[in-house]
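What you see is a predicted model; the values in this text were computed from it and never measured. Numbered from 1 within each chain, the chains take letters A, B, ... in sequence-line order.
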Amino acid sequence: MNISLKVYGFLLLAYPADFRRQFGEQMCQVFRDGYRSEARSGSVPGFWLRTLLDLVLTATKEHTDSSATKGFFMNRRTDAMALLGCVGIIVIALLVHNYVTRNPGVPSIRWLGYILDPLVVSGVIGNLIVFVLNKTTKLNRLRTAALVFAAVDAALLLLIVVISRSTPAPNWIAVLFGYLVSYAVWVGLHFAWHSVSGAGSGVHGQANS
Amino acid sequence: MAKEKPETWLPLTPAMFHILLALADKDRHGYEIMREVGERTEQKMRLGPGTLYGSIKRMLSDGLIEELDERPDPELDDERRRYYRLTDFGRRVAIAEAQRLERLVKSARSKKLLSARGT
């Protein structure tokens with residue numbers, strides 16, 4: 001009996017975590033009661049067969065329902081707004097960047113270029129990773145954004161270090177300043193969106209709502 | 001949600017209707033529902049734990065049943081058990097489903113698929 005119950009408890013992993021949390025204990029209890037009753041009448045194999053069939057069919061259904069309510073394309077309106085916002089910022093940054101490269105003589109504009117480069121590159125890569133992670137995991141959205149942008153910016157800076165070995169060294173203070181500003185802008189925007197759309201949601205929707 | 005017409009919820013799945021029937025006369029916990037359904041249908045309908053709690057989950061969220069805070073007989077029972085009760089809306093939905101099935105049986109009789117005695 002104990003082994004059967006342990007095996008059934010293990011098999012419950014086939015169900016979505018939310019469903020298990022809500023009903024897992026009750027299902028084990030029902031299984032135990034059913035098993036005891038069937039053991040008295042000597043039809044345990046039939047009971048196991050029915051239980052396994054039930055498990056396969058209902059676990060599939062629960063996963064389908066779960067992905068329908070928490071799926072990748074849930075909160076399309078919120079996602080679209082966030083996506084449009086990110087694309088808008090990147091497009092504006094690219095336009096300004098284009099203007100800056102045409103007018104390199106002005107020192108203040110040159111500094112702006114150092115900010116716009118990481119803003120665009122880090123924005124595209126970082127937001128894409130944050131979007132996918134927010135849609136496929138239950139990680140804290142704000143912390144995810146902070147860590148992802150830190151990792152992306154660190155990777156891009158490392159790339160600049162590698163490239164600069166064979167090219168003239170850039171103005172490192174300006175490069176670092178640009179990445180710090182870019183990091184502050186993107187993480188700040190995620191923080192603002194997180195505050196506006198409610199705790200536990202984030203830039204790319206409210207999968208838990 | 002519970003303000004909607006009961007008819008909009010029809011037809012119910014067989015498992016859901018059997019669970020509503022099991023709860024129509026008494027508050028019951030999960031295993032008691034399973035046992036009642038099995039006995040009433042002469043073991044032709046056997047609910048597995050997944051079917052039972054999958055249906056319970058949907059019926060709870062749809063307001064057809066509710067979970068009780070207290071246990072009807074705490075002296076005799078395992079305190080971990082959860083009891084369920086039919087809501088007023090759930091009862092109306094069960095009645096609407098029963099009436100729908102009754103109309104269906106009448107149609108079968110009129111087509112001579114069933115005799116007047118239902119055999």
Side-chain angles (χ1 to χ4, degrees), chain A residues 1 4-70 208-209, chain B residues 1 9 12-19 22-23 27-74 76-85:
Chain A
M1 169 69 207
S4 285
L5 190 58
K6 279 180 185 166
V7 170
Y8 184 68
F10 175 75
L11 290 174
L12 287 184
L13 288 172
Y15 289 97
D18 286 350
F19 186 80
R20 272 201 321 272
R21 268 193 295 274
Q22 198 177 355
F23 298 111
E25 196 183 335
Q26 301 297 303
M27 290 169 80
C28 280
Q29 199 160 29
V30 159
F31 175 86
R32 194 181 58 204
D33 291 339
Y35 186 96
R36 279 185 186 149
S37 167
E38 297 288 336
R40 279 195 290 273
S41 59
S43 51
V44 169
F47 173 74
W48 255 118
L49 196 66
R50 283 198 309 276
T51 304
L52 286 177
L53 188 66
D54 175 71
L55 187 137
V56 171
L57 293 174
T58 55
T60 312
K61 182 168 172 49
E62 291 307 326
H63 274 289
T64 310
D65 288 0
S66 178
S67 56
T69 52
K70 294 184 180 177
N208 290 329
S209 62
Chain B
M1 191 175 287
W9 295 84
L12 296 175
T13 64
M16 283 171 84
F17 187 50
H18 276 292
I19 294 169
L23 295 173
D27 303 334
R28 295 178 198 268
H29 57 73
Y31 182 63
E32 215 181 342
I33 295 172
M34 275 172 85
R35 217 176 44 198
E36 198 274 344
V37 172
E39 284 169 5
R40 183 163 35 81
T41 60
E42 297 167 335
Q43 305 303 329
K44 283 175 184 154
M45 177 83 179
R46 287 179 163 187
L47 299 175
T51 305
L52 175 69
Y53 283 100
S55 305
I56 283 177
K57 185 187 92 174
R58 280 166 202 93
M59 291 194 291
L60 281 171
S61 67
D62 293 344
L64 303 183
I65 61 172
E66 61 191 356
E67 191 180 320
L68 299 186
D69 293 329
E70 78 282 6
R71 283 168 296 131
D73 198 354
L76 298 172
D77 212 353
D78 187 333
E79 62 181 16
R80 290 170 299 180
R81 290 192 193 282
R82 290 188 214 158
Y83 279 80
Y84 299 97
R85 171 179 289 168

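Expressed to the nearest 0.5 Å, how far CD of B:Glu67 lies from CD of A:Gln22 amounts to 8.0 Å. Residue B:Thr51 holds its OG1 atom at 11.5 Å from CZ of A:Arg50, rounded to the nearest 0.5 Å. The structure places CD of A:Gln29 at 8.0 Å from NE2 of B:His29, a figure rounded to the nearest 0.5 Å. The CZ atom of A:Arg36 lies 10.0 Å from the OH atom of B:Tyr31; values are rounded to the nearest 0.5 Å.
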Q.
One pair to check against side-chain contact (heavy atoms from CB on, under 4.5 Å): A:Glu62 and B:Tyr53. What are the steps and the verdict?
A. CA-CA 10 Å; A:Glu62 291 307 326; B:Tyr53 283 100; over 6 Å; no
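Between chain B and the options A:Tyr8, A:Phe47, A:Phe19, heavy-atom pairs under 4.5 Å are most frequent for A:Phe19. When the candidates B:Gly54, B:Gly48, B:Pro49 are compared by the number of heavy-atom contacts under 4.5 Å with chain A, B:Pro49 comes out ahead.
Contacts between B:Arg35 and chain A at a heavy-atom distance below 4.5 Å are absent for every atom of the residue. Using a 4.5 Å cut-off between heavy atoms, A:Tyr15 contacts chain B through its side chain alone, with no backbone atom that close.
Enclosure of atom CD in B:Gln43 by more than 12 non-hydrogen atoms of other residues, nucleotides or ligands within 6.0 angstrom is indicated.
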